[in-house]
Structure formats: structure tokens, C-alpha cells
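Residues take their numbers from the sequence shown, with the count starting at 1.
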Amino acid sequence: MELDNLLEIMNRLLGEDGCPWDKEQTHETLREYLLEECYETIDAINTGDMTSLKEELGDVLLQVVFHAKLAEKSGTFTMDDIIAAISHKLVSRHTHIFGDEKVKSAEDVIDVWEANKQKEKKQTPAEAMEAVPKALPALVRAAKVLKRAPAKKPSKVDALKELKSLIAGLEAAETDHFQIYGKILLKMVSLAAILGINAEISLTNAVEEFIYTNSAESP
């Protein structure tokens with residue numbers, strides 16, 4: 001199996017006669033590379049370049065294996081532990097497949113996943129929201145926090161009404177623009193969820209369109 005071969009290569013690189021650079025790395029020093037590879041993978045998906053996607057997924061896998069081998073050397077966990085953990089998670093969170101849960105739509109599946117996650121972690125809704133990583137891009141984090149919020153999800157009409165009210169408040173305010181603007185962005189993320197839109201990807205597309213339009217208009 002090729003994964004076994006990759007693991008053996010990493011053993012060699014981290015071994016006594018291995019690569020000096022690889023042997024100096026830690027979980028902390030590898031953070032930037034993991035993030036970079038994830039962004040490059042997303043870019044390959046966005047451009048539809050399957051050759052690049054294959055390569056970038058390999059780079060992401062390398063980061064996973066690298067971290068696994070560092071953890072193994074410190075006696076923390078192994079690659080087998082990682083695979084076992086994700087396998088268990090897939091079964092325990094898909095109770096509509098491996099259990100008696102009933103779902104009617106993809107949206108129901110997301111609700112089931114989040115409910116099972118909170119049960120496993122014994123989290124209250126507030127703790128679940130707090131657990132969303134602060135290092136995530138703000139739009140992504142906002143979407144995840146809103147998804148875990150216990151409050152009833154507003155309708156499109158209510159969300160638009162609240163958004164218009166916030167915009168009117170921004171127009172009237174002479175101060176506190178920072179706070180009101182943040183609330184407008186949060187409400188826009190909430191509206192995106194109602195419309196079935198990924199706010200992060202929607203904004204990325206808008207930025208690309210803006211760049212293209214302004215580049216075309218440049219002399």
C-alpha cells in the first residue's frame with residue numbers, strides 16, 4: 001500500500017541519518033505549511049485543475065503523516081490512532097446510516113452530525129459555540145458559530161428586516177461604526193446560511209470578479 005511506503009519514507013527522513021531540516025521540525029513549526037497546503041488545495045479545486053488537485057492533496061497528506069510521525073516519536077499517538085479516530089467519528093456521527101436516526105435532507109444530516117458531536121463532547125450549545133476555533137477565517141467561524149447557536153433560525157424575511165435595521169442604524173450613527181458594521185457582517189453570514197450560500201466562497205468569487213472587472217478597465 002502506498003500509504004505504508006510514505007510512512008516508511010518519513011521514518012527514513014526523521015531517522016538518525018535522516019534529513020537535518022525534517023528532524024528540526026515540530027508541530028508548531030509545521031503550522032504554516034499545513035495552512036499553505038490547504039489554501040493551495042482549495043485554489044486547485046476553485047480552478048478545476050485536477051492535476052494540481054492530486055498534487056496538493058498529496059502535500060496535505062504529507063503534512064498529516066509528518067505530524068503523525070512527530071507524535072509517534074514523542075509517544076503521543078500514531079497514524080493508526082488518527083485513522084481509528086476518524087473512522088469512529090464517521091460511524092458515530094452518521095447515526096442515520098449506522099443507527100436508527102431518520103433524515104429527510106442534507107440539512108437534516110448536518111443537524112444530526114452537530115447533535116451527535118455535542119453528545120459525544122458533552123457540550124452545551126454555548127460550549128459548542130466557544131469551541132469553534134478562533135484561528136478560522138472570520139466568515140467561516142461566524143457560519144460555524146451560527147450553526148451551533150441554540151436560537152431559532154430566522155426566516156429570509158426576518159433576516160432581511162434585521163439587516164435593513166442595522167444598515168439604517170449605521171447610516172444614522174456618528175460613532176460605534178465598528179460595532180454596527182460587525183453586526184451587519186454577522187447578519188449577512190446568517191442570511192447566507194438561510195439562502196444556502198457559503199459566505200466565504202461567495203465573497204471570494206466577488207473579489208475575483210472585482211479584480212477581473214477592474215483589470216479589464218485598466219489602460
Side-chain angles (χ1 to χ4, degrees), residues 2-3 5-6 9-10 22 25 27-68 79 82-83 85-87 89-90 93-94 97 103 105-114 117 128-129 131-149 153-154 156 159-160 163 167 181-219:
E2 289 300 328
L3 178 58
N5 184 43
L6 177 57
I9 291 172
M10 284 307 306
D22 288 301
Q25 301 314 302
H27 295 300
E28 289 74 23
T29 62
L30 290 174
R31 283 179 298 194
E32 62 180 286
Y33 303 107
L34 177 57
L35 185 61
E36 180 181 322
E37 301 302 350
C38 287
Y39 279 126
E40 290 180 355
T41 300
I42 292 170
D43 193 53
I45 293 172
N46 289 343
T47 58
D49 187 337
M50 292 298 104
T51 300
S52 292
L53 179 58
K54 178 181 67 175
E55 180 181 348
E56 299 304 340
L57 286 172
D59 290 340
V60 171
L61 178 59
L62 170 59
Q63 292 301 309
V64 174
V65 168
F66 208 148
H67 281 280
M79 191 67 189
I82 294 173
I83 295 172
I86 190 59
S87 297
K89 181 184 290 185
L90 286 172
R93 303 280 174 86
H94 286 84
I97 301 296
V103 297
S105 66
E107 288 74 18
D108 289 346
V109 172
I110 294 173
D111 292 338
V112 167
W113 177 283
E114 288 297 331
K117 182 176 182 178
M129 289 189 291
V132 177
K134 293 180 175 61
L136 286 172
L139 289 180
V140 176
R141 183 169 181 247
K144 285 184 171 293
V145 168
L146 289 170
K147 189 182 295 182
R148 298 181 183 185
K153 305 297 186 291
K156 176 183 174 181
L160 285 171
L163 183 58
I167 292 174
Y181 184 74
K183 291 178 180 178
I184 289 172
L185 287 178
L186 184 60
K187 185 53 62 178
M188 286 295 293
V189 175
S190 175
L191 180 60
I194 294 168
L195 298 174
I197 295 170
N198 183 300
E200 184 81 16
I201 295 175
S202 180
L203 179 57
T204 297
N205 288 347
V207 170
E208 291 302 315
E209 184 177 344
F210 177 83
I211 293 172
Y212 176 79
T213 302
N214 283 271
S215 297
E217 292 176 355
S218 298

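- Between Met79 and Val64, the closest side-chain pair of non-hydrogen atoms falls below 4.5 Å.
- Judged by distance alone, the side chain of Arg31 and the main-chain N or O of Glu28 form a donor-acceptor pair under 3.5 Å.
- Relative ring orientation between His27 and His67 is described as parallel, the plane-to-plane angle staying below 30° on a 0-90° scale split at 30° and 60°.
- Using a 4.5 Å heavy-atom threshold, the side chains of Leu62 and Tyr33 count as separate.
- The CD atom of Glu36 lies 10.5 Å from the OG1 atom of Thr41; values are rounded to the nearest 0.5 Å.
- Taking the side chain as every heavy atom from C-beta outward, Lys147 and Lys144 never approach each other to under 4.5 Å.
- Taking a cutoff of 4.0 Å between a charged side-chain nitrogen and a carboxylate oxygen, Arg148 and Glu114 qualify as a salt bridge.
- From Asn205, atom CG reaches atom CD1 of Ile197 across 10.5 Å, with rounding to the nearest 0.5 Å.
- Glu55 places a side-chain heavy atom less than 4.5 Å from the side chain of Asp59.
- For the atom pair CG (Leu163) and NZ (Lys183), the distance works out to 13.5 Å, reported to the nearest 0.5 Å.
- The local environment of NZ in Lys117 is crowded, with over 12 non-hydrogen atoms from other residues, nucleotides or ligands closer than 6.0 Å.
- Asp43 places no side-chain N or O within donor-acceptor distance of the main-chain N or O of Tyr39, the cut-off being under 3.5 Å.
- Looking at Ser52, its side chain never comes within 3.5 Å of a backbone N or O of Asp49 through a donor-acceptor pair.
- The two residues Ile194 and Pro154 come nearest to each other via the heavy atoms CD1-O, 3.2 Å.
- Rounding to the nearest 0.5 Å places CE of Met188 at 8.0 Å from OG of Ser202.
- Contact record, Val60 with Cys38: CG2-N, 4.2 Å, taken as the closest heavy-atom pair.
- A 4.5 Å side-chain heavy-atom check between Leu186 and Val145 finds every atom pair outside the cut-off.
- The CG atom of Leu30 sits 8.5 Å away from the CG atom of Asp22 when rounded to the nearest 0.5 Å.
- Two residues are said to be in side-chain contact when any heavy atoms from C-beta on lie closer than 4.5 Å; Ile83 and Leu3 meet this criterion.
- Scanning all heavy atoms of the two residues, the minimum distance from Ala199 to Leu139 falls at O-CD1, 4.0 Å.
- Note that CG of Asn46 and CG of Leu53 are 10.5 Å apart. Values are rounded to the nearest 0.5 Å.
- The shortest side-chain heavy-atom distance between Arg141 and Pro133 does not fall under the 4.5 Å cut-off.
- In this structure, Thr29 contributes its side chain and Gln25 its backbone to no donor-acceptor pair below 3.5 Å.
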